Each structure stands twice: as C-alpha cells, then as structure tokens.
Amino acid sequence: MRVVMKFGGTSVGSADAIRQVAQIVAESRHDHEVVVVVSAMNAPDLRTTDTLIAAAKAAAEGAGDATALAVPRLLDLHMRAAAELASPDECAALEPELRAMLDYLSDLSRSIAVLGELTPRALDLFSGLGERINARLIAAALRGAGLDAVAVDATGLIVTDDRYGNASPLMESTRERSRQRLLPLLERGTVPVVTGFIGATQTGVPTTLGRGGSDYSCAILGSALDADAVWFWKEVDGVLTANPKVVPEARTMPRLSYGEMGEMAYYGANVLHPKTVQPLVQRRIPISIRNTFNPSHPGTVISSEPGNGTAKAVTAIKEVSLITVGGPGMLGLAGVAARIFAAVARAKSNILLISQASSEQSVCLVVPRSEGAAAVFELRNELAGDFSAHDVEHIEVLEHVVIVAVVGSGMRGTPGIAGRVFGAMGEAGINIIAIAQGSTENNISLVVADSDGDEAVRVIHRSFALSIPAPIIR
Ligand code: ASP
Ligand code: MG
C-alpha cells in the first residue's frame, strides 16, 4: 500500500515527539511505501510559524534586527532535537544548512525594514521557512532511526497560483512534478520527508497554502501520488461524537463518510476542513485521523462508506447571531429572499443557517456574531423601501444563541430522528428558537439560547446513546 502521512506541529514539537514519529514511520515502512509530510515545529514555548511571521511584521515596522532574537532560538530548538535524534555527523552537516537558511531571513528582514513594507510574497518566504528547516530535521531523525529518508521541499512539487499567503494548487502540474520527483524515491525504498504548507508558482516563486495548510499539502500529495490511504497524525484518537469538554462520555467514531465529515467541519480544530481534503474525496482515497501519542488506536477512517448508525455526532457553533427579517408584505413578494441574501453578502458576512416557514412572513438567518452588526446595517439599507411600504416591519437580532447540529448520513430516510431530537429537547425543557434541515437529511440544526447550548448537546448525545458504539451491520 502507498501511504501519505502528515504530522502536525505538535506531533513534531519536541525530541520525544519526533522519536515517536520515527517509530511510527519505521513501523509503517515495514508494510507500506511511505511519504511523510511535516508541519513546522510547535514546541510548547516556541511556535515556529508564529515566531517567523512576528519577525517579518516587526521588520516591516522598521526593526532591522527583527530576527535577532528569533533566529538563535529557532536554531537552538531544532539543533537541540537533532542532537538527541541524529548522529554527530548528521548534526555537523545540518547546523550550517539551517543557519544559512535562517541567515537569509535576517538579510531579508533588513531589506524589509529599509523598504518599510512587507508584501504577501515576502511574508511567504518567512512563514514557510519553519517547514523547510523541520523537514531537514525530521529526515535526519529518521535516518538516525535507521531509515533511508530524504528531505524534499514542496516548492519543487506543489505548483500553485500566485495568491501569496493563500495559494491554490494547480493539480495537473503538481501531479506531474510530484510523481517525477517522488516515485523514484519510493521505488528505491526511500522515505521522502516533504515540507507541508508551501508550494511555488509556475515560475518558482515560493508561496504558502494558508495557515494550517500542511493538511492541504498532504491531501494534494496523496491525490497526486494516487495514495491508497492518507493518514493525518494528530494529538487525538480521531473524530469524537461530541466535544469531550461538554460531553465527558464522548467517544471516537470508527467510521465517517466524506459528507459527514464535511457537515462536522465546524466542530473544532480536529476535523479536517472540506476544502483541504477535496483532492482526496475526488479520488475516493480513504483518510484516517490517528493519534501520534497513541498509535495503536485505529482512529477514525473517513471514506465514501458511511458506516453504521443514524445520528452520529452532535456539534455546536458558538458566538453566532440570529437575524430575523419579517413583515406581512413578505408573503408572495418575489425576490425578497434574494435581496436579503445579497445584502448579507455585501456585508461580507457568511450565512451559517437559513430558515423560512412556508407562511413566508419571516426569514431568519444565522451569521457569526462578529459579522451581525454589518449584516443588519446592509439589510436596513436594502429594505428601506419595503419598510416604508410596511411590507417589511422588523429586523430583529438575537445575539446570545448557538447552533446545535446533529450529524449523520444514516438519518436520511429514517423517520423519527427529528421527533427524537425535539422530544429530548422538550423533556429537558430547552426552548428551540429556530430549526433547519437540508434535504440531504444528514444534518438537523437547531438554534437555542447560549445558556442552553451545552445542555442541548448533552441531551441529544444521551438520547441517541452516542457513547455506545452502533452495532456493526454487515
Ligand atoms: N505551519 C503552518 C501554520 O502554522 C502550517 C501548518 O501547521 O499546517 O499555519
Ligand atoms: Mg498547524
């Protein structure tokens, strides 16, 4: 099997963590072809990418010595880990290499300080350096563990457009270059250790894929290399049925479909963003989320198969506002919904939930709380004429609400799910303010008061017995 696996910043955050990574790679290498993708090192007291970005910004504000503190700290962090994990010869070769890369940043920051301007293009040179130094460290550590490994900069693999700071891959060229460079390594039994987060334009100018972009790099390479599986090594056992801080008995779900994962994207940091895994979903490549620090746990497998169960997980989206636009004249007023959504779009506000009852007397929508005021401002402008005609009579905002979403593709076509959700809420005395279910039926969303949010999640989790694994139906 060909496996592309990614280790996040915390999974490579210390010498001990990297030792664990080396063991995982060595074991996987027994049975599989392995490509490793790494983030920048996130040590408890030194987050590499943040540190690099802060230095670049300080330079832009005129600090010619912006990297004076960061460079020795970063060099020390990586070389101390190297001393524990790689041979003295390796360390002697690694030190000047990392030093040269970091010195280049110091030169760059002096130029930025003189110019007094930091372009997104220059910022990408800074922010992507953490992955470049870390790939070299991890490759040395793997060699220290007896593996044949080599660091590879993704600037030579992932071809992107030139939206610096948030570039998108050009998949065809990426496929060609990655295969050309990596397949011969795999054939030889070498483990390529590829930098996450970075790529380069057609003409070779370095770019980054957006913060947290190493997941995206891993998915892009998994797709380009036609991997049989892609494993994301994180610091959790997989995707949980609910936030364990709210529901202590929350459990890891063994299987999820791509669609279910997409529904859960808001759920928290541990779920992969749908855009990130799009290259894998397109090719139906199964994804695993596994725990670097508990590698014998099978984690969660995400694939085109939905697995068992109806409702699978309960999520909550906090810090949102519910906006209701209502009035007697909205009945049969064609185009009013389009104008409402256009106004919210002008406010650059992202709509999370929509609901309109068929009486058409009101439309409600939920937006992030921070965007609520701007959305209402645009709505009032847009609907001013309708107000004077009394077609629209109110625009109301409820600020202290949360969205609670029940997710599971097995809910589709299964009667009684909504009844169970609402029954449970009724028994617990929780008032539901608004409801939405799309016709895909794999998500039922409720809007409840802030103060009821956690209890609503617990009640639904309990009513579907989500802490007990669904029986396996074959
Ligand atoms: N190091 C980059 C960041 O912190 C990318 C990543 O970790 O995925 O955003
Ligand atoms: Mg990260």
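From a predicted model like this one, the values you see are computed outputs, not experimental measurements. Atoms within each ligand, like the ligands themselves, are counted from 1 in listed order.
Here the CD1 atom belonging to Ile403 is positioned 8.5 Å from the CG atom belonging to Leu322, to the nearest 0.5 angstrom. Between atom CG of residue Leu125 and atom CZ of residue Arg121 there is a gap of 8.0 Å, rounded to the nearest 0.5 Å. Atom CD1 of Ile53 sits about 11.0 Å away from atom CZ of Arg47, to the nearest 0.5 Å.
Within ligand 1, counting atoms from 1 as listed, the ones closer than 4.0 Å to a heavy atom of Ser39 are 6 (C), 7 (O), 8 (O). Close approach of ligand 1 to Arg211 is summarised as follows: ligand atoms under 4.0 Å from at least one heavy atom of the residue are 3 (C), 4 (O), 9 (O).
Residue contact check for ligand 1: Glu131 places a non-hydrogen atom closer than 4.0 Å to it. A heavy-atom separation below 4.0 Å is not found between Gly9 and ligand 1. Taking 4.0 Å as the cut-off, Gly130 does not count as a neighbour of ligand 1 on heavy-atom distance.
Between the side chains of Glu131 and Thr195, no donor-acceptor pair of N or O atoms lies under 3.5 Å. Between the side chains of Ser11 and Glu235, at least one donor N or O sits under 3.5 Å from an acceptor N or O.
For a threshold of 3.5 Å applied to N or O pairs, the pair formed by Asp215 and ligand 1 contains no separation below that value. Not one N or O of Gly210 is nearer than 3.5 Å to an N or O of ligand 1, by distance alone. Below 3.5 Å of separation, one finds an N or O of Ser214 facing an N or O of ligand 1.
Look at Arg181 and Asp153 and you find no salt bridge, because none of the NZ, NE, NH1 or NH2 atoms lies under 4.0 Å from a carboxylate O.
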